[in-house]
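Notes follow the structure.
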Amino acid sequence: MPAPGTARPFRQFVVKVHSRCDLACDHCYVYEHADQSWRRRPRVMAPRIVRATAERIAEHARTHRLDRVTVVLHGGEPLLAGPARLTAMARELRRHLDGVAVLDLRMQTNGLRLDDDFCALLVRERIHTGVSLDGDQVSHDRHRVRTDGSGSYDDTVRAIRLLGRPAYRAAFAGLLCTVDVANDPDRVYGALTELSPPRVDFLLPHATWDHPPARPRGGTDYADWLITAYERWNAEDRPLSIRLFESVEAAARGEHGFTEALGLGSPDLVVIETDGAIEQADWLKTVAEGAPETGYHVLVNSFDEAARHPGFQARVLGLDGLSSECRACPVVAVCGGGLYGHRYRSGSGFANPSVYCADLLELIGHIQSAAPAVPGHTVLSDLGALTAGGASEPGAVRRLVEAQLDLRHAMLAYLRRAGVGSEETWQALVRLEGPALDAVLADPMVHSWAVRACSAEARGQSVPDTEFLEGLALAAAFRAGRRLDVPVQAGGRGEVTLPSVGRLRWRPRESLQDDGVMRVGTDGRDVWRTDGEEVTWEPFPRLSVGGVEMRILAEPLVPPGGTPPDPAGGWRRALLAAWDVLAQRHPHEAAALAAGVNTLILRAGTTEPDVPRPPFGALALSRRETPQDLALTMLREWQHAKFAALRDLDEFGGTEAALRQAYVHLGVARAWHARQGPAARGQAVRWGRRALTALDAFAAGAEPPPPTGLRLAAAIEAAVAQLTLDR
């Protein structure tokens with residue numbers, strides 16, 4: 001927590017590009033509540049104010065070494081500014097922030113003026129745009145009307161469908177819906193999801209204790225409404241991201257939320273009005289005339305000066321800034337007291353619970369008790385821990401290992417049902433089920449073979465290397481210390497791999513039997529051929545690293561009949577020194593890596609930039625000159641491995657290559673962040689920016705990312721922001 005008077009940097013800048021609106025919504029906090037300062041403001045932000053705003057944002061980002069800033073074009077209605085002004089503003093912001101920080105440029109609009117030209121502009125200038133829609137026609141037109149009282153639903157939906165077309169989809173950020181308990185939550189939810197937005201934000205209507213929200217049924221109307229929507233969202237397998245619900249779930253897991261309305265995180269938002277005035281969040285207009293004002297202006301003051309204003313300072317106190325009732329509440333870490341403006345009461349100011357306190361308590365309690373597993377394997381609920389790192393990562397990795405084991409069992413079951421391999425071998429595998437077989441299935445080469453085999457079977461092609469199944473059975477028997485012999489093809493390459501254990505080799509030749517099969521057996525301690533064929537046994541080299549035994553593979557592999565090298569020999573000292581670096585600087589990552597990696601693949605060449613990576617459980621390494629460099633490579637490859645494992649369990653979207661890149665860049669940024677000195681800090685900033693740039697590419701894909709992809713992207717963004725806060 002910053003000391004009193006410390007300026008906490010802003011990361012979100014709401015820029016009021018136009019102060020008027022072409023709707024007359026009766027619940028608008030800008031025009032219909034206590035503060036009426038809009039009447040004194042210029043309609044449009046002048047070019048010199050635009051330039052000064054861009055300069056101040058860049059100055060602030062440079063001062064605080066921000067990797068990324070979010071600028072939201074707002075109003076009134078920002079589209080009233082016209083395409084020329086919006087284009088000029090976007091380019092002015094990018095010009096000043098180029099080389100300083102990544103610009104996440106957004107806009108919130110009622111959408112009425114959107115046409116093909118405007119949508120093309122949004123895509124061209126990379127302005128991610130949200131549209132306000134309150135549900136079906138009856139629900140939306142209850143409040144969002146024109147000055148003549150006519151509804152706006154038809155034109156709004158037309159605009160949303162236009163923005164959702166493939167040519168413009170990259171600019172579609174989602175829908176914003178203000179909750180009205182007079183509307184049917186099922187109808188509202190259905191109308192929103194029917195438009196296939198990438199995200200929906202449900203907002204509680206702005207209210208205070210002096211002007212409380214309408215409660216036609218009394219009690220917890222708003223919680224009941226939201227719970228109905230939440231249950232339907234779950235019943236439909238979460239077809240899109242809903243920020244409020246995901247924020248509650250994230251905060252309950254101890255992660256960063258995605259909305260300032262919840263959680264104890266310090267606010268980082270500031271508003272710049274059309275005249276250049278620097279103000280607090282404009283929902284404070286519901287409190288009193290002048291409530292958001294600070295007295296600062298972009299032509300005169302820096303954002304650091306504004307951040308020291310008492311209004312901003314009052315909101316960086318976290319738990320200490322809440323009322324005694326809030327501090328004693330069991331869900332305070334999730335709720336955070338609710339939206340700051342909703343706490344206001346004449347006489348006591350903001351030292352009160354939220355006017356929606358009872359609703360938030362019921363909603364959070366319901367979500368905590370009723371939240372189903374995240375779609376796909378339950379391990380995906382660990383996305384935050386697998387992204388942010390820290391003490392919770394090793395446990396999350398152990399659950400990821402279990403998920404991968406379940407997946408490999410499932411692939412084997414599929415192959416058995418498809419009739420791949422001999423029934424004798426399958427019966428042996430059934431008898432060997434248990435810890436020994438699980439240890440064999442943990443070998444990454446099992447995953448590689450099973451994926452190839454299942455893919456071939458699904459396409460109606462011949463399954464390759466079916467003798468791998470016999471190797472599985474022999475390896476499990478060997479590990480269990482049990483006798484077993486199985487039929488193996490005698491010809492072919494003249495070898496069979498026993499995953500996690502070693503290889504059997506023999507001289508390729510026509511079988512001694514008519515069916516081309518010989519029997520190979522083990523007594524649990526050794527391996528031999530029962531009919532006299534000479535067999536060479538090659539156990540995999542192993543290396544104990546950090547108290548964990550890992551097997552070693554060298555590439556290229558030795559051809560049949562060649563002499564196996566000792567690949568661990570030349571690497572032993574380098575790996576042990578690199579592990580010491582991990583244990584000292586990254587103890588949690590080292591523990592997680594030890595829990596998830598059992599194989600090191602040593603390559604003579606490079607692993608960069610696009611060399612195929614092995615499946616989860618293995619790290620591919622190439623020689624590095626220093627222990628620090630090798631440790632960095634291990635952390636980078638560990639990110640690749642975790643992403644591959646998560647990708648096996650759920651869909652991340654058509655632009656998942658960009659998401660993988662962001663995830664890997666985050667790991668490199670964290671590695672540099674742990675080093676000392678300005679050069680290391682500079683590298684951390686650069687890699688953090690690369691992660692955020694990759695997230696921009698992910699968000700700009702032609703198809704909307706699925707919920708899991710959105711959750712991982714949000715977790716990466718939060719982790720990068722935390723690295724910035726920690727510097």
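If you're wondering where the values come from, they're calculated on a predicted model, not measured in any experiment.
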(request) Inspect the contact between Arg505 and Glu495 and indicate whether a charged nitrogen and a carboxylate oxygen are less than 4.0 angstrom apart. (result) yes
(message) Just to verify, what does Leu710 make a side chain to side chain contact (heavy atoms under 4.5 Å, CB included) with, not counting sequence neighbours?
(response) Ser241, Pro705
(message) Just checking Phe643 against Trp638, ring centres under 6.0 Å apart?
(response) no
(request) Would you please name every residue forming a side chain to side chain contact (heavy atoms under 4.5 Å, CB included) with Thr129, sequence neighbours left out? (result) Met107, Thr109, Leu122, Ile127, Leu163
(request) Check side-chain hydrogen bond (donor to acceptor under 3.5 Å, both in side chains) between Thr693 and all other residues, then give those that pass, not counting sequence neighbours. (result) none
(request) Heavy atoms only: give me the nearest Pro499-Asp443 pair and the separation to one decimal. (result) C-OD2, 3.5 Å
(message) Tell me every residue that passes side-chain hydrogen bond (donor to acceptor under 3.5 Å, both in side chains) with Asp438, counting only those two or more places apart in sequence or in another chain.
(response) His409
Throw together a table of side-chain donor-acceptor distances under 3.5 angstrom for residues 582-591, partners on residues two or more places apart or in other chains.
none

(message) Show the nearest heavy-atom pair for residues Phe10 and Leu66, with the distance to one decimal.
(response) O-CD1, 3.3 Å
(request) Could you list the residues that satisfy ring-ring contact (aromatic ring centres under 6.0 Å, His included) with His447, not counting sequence neighbours? (result) none
(request) Using side-chain hydrogen bond (donor to acceptor under 3.5 Å, both in side chains) as the criterion, list what pairs up with Arg686, not counting sequence neighbours. (result) none
(request) Give a yes or no on whether the backbone of Gln628 and the side-chain of Arg675 come within a donor-acceptor separation of less than 3.5 Å. (result) yes
(message) Between Arg243 and Glu249, does any NZ, NE, NH1 or NH2 come within less than 4.0 Å of an OD or OE carboxylate oxygen?
(response) no
(request) Rounded to the nearest 0.5 Å, what's the gap from CZ on Arg62 to CG on Leu97? Could you check? (result) 8.5 Å
(message) If the condition is side chain to side chain contact (heavy atoms under 4.5 Å, CB included), which residues does Ala442 pass it with, not counting sequence neighbours?
(response) Asn598
(request) Give the intermediate values and the outcome of ring pair (Phe, Tyr, Trp, His ring centres under 6.0 Å) for residues Phe698 and Phe652. (result) CA-CA 10 Å; Phe698 173 71; Phe652 285 144; 8.0 Å; no
(message) Asp696 and salt bridge (charged side-chain N to carboxylate O under 4.0 Å, His left out): which single residue from Arg126, Arg106, Arg68, Arg690 fits?
(response) Arg68
(request) State plainly whether the residues Glu393 and Lys642 are in salt-bridge range, i.e. N to O under 4.0 Å. (result) yes
(request) Output all residues satisfying ring-ring contact (aromatic ring centres under 6.0 Å, His included) with Phe13, sequence neighbours left out; order by chain, then residue number. (result) Phe303
(message) List the residues meeting ring-ring contact (aromatic ring centres under 6.0 Å, His included) with Phe540, not counting sequence neighbours, and say none if there are none.
(response) none
(message) Donor-acceptor check, side chain of Trp537 to backbone of Arg503, threshold 3.5 angstrom: yes or no?
(response) no
(request) Kindly give the heavy-atom pair with the smallest separation between Gln404 and Ala645, and that separation in Å. (result) NE2-O, 3.3 Å
(message) The criterion is side-chain hydrogen bond (donor to acceptor under 3.5 Å, both in side chains); which residues satisfy it with Thr387, sequence neighbours excluded?
(response) none
(request) Examine the side chains of Ser500 and Arg479 and answer whether a donor and an acceptor come within less than 3.5 Å of each other. (result) yes
(message) I need the minimum non-hydrogen distance between Arg94 and Leu105, along with the two atoms involved.
(response) NH2-CB, 4.0 Å
(request) For Pro615 and Pro444, work out which heavy atoms get closest and say how close. (result) CG-O, 3.5 Å
(request) Tell me, please, which residues at least two apart from Arg398 pass side chain to side chain contact (heavy atoms under 4.5 Å, CB included). (result) Pro394, Ala595
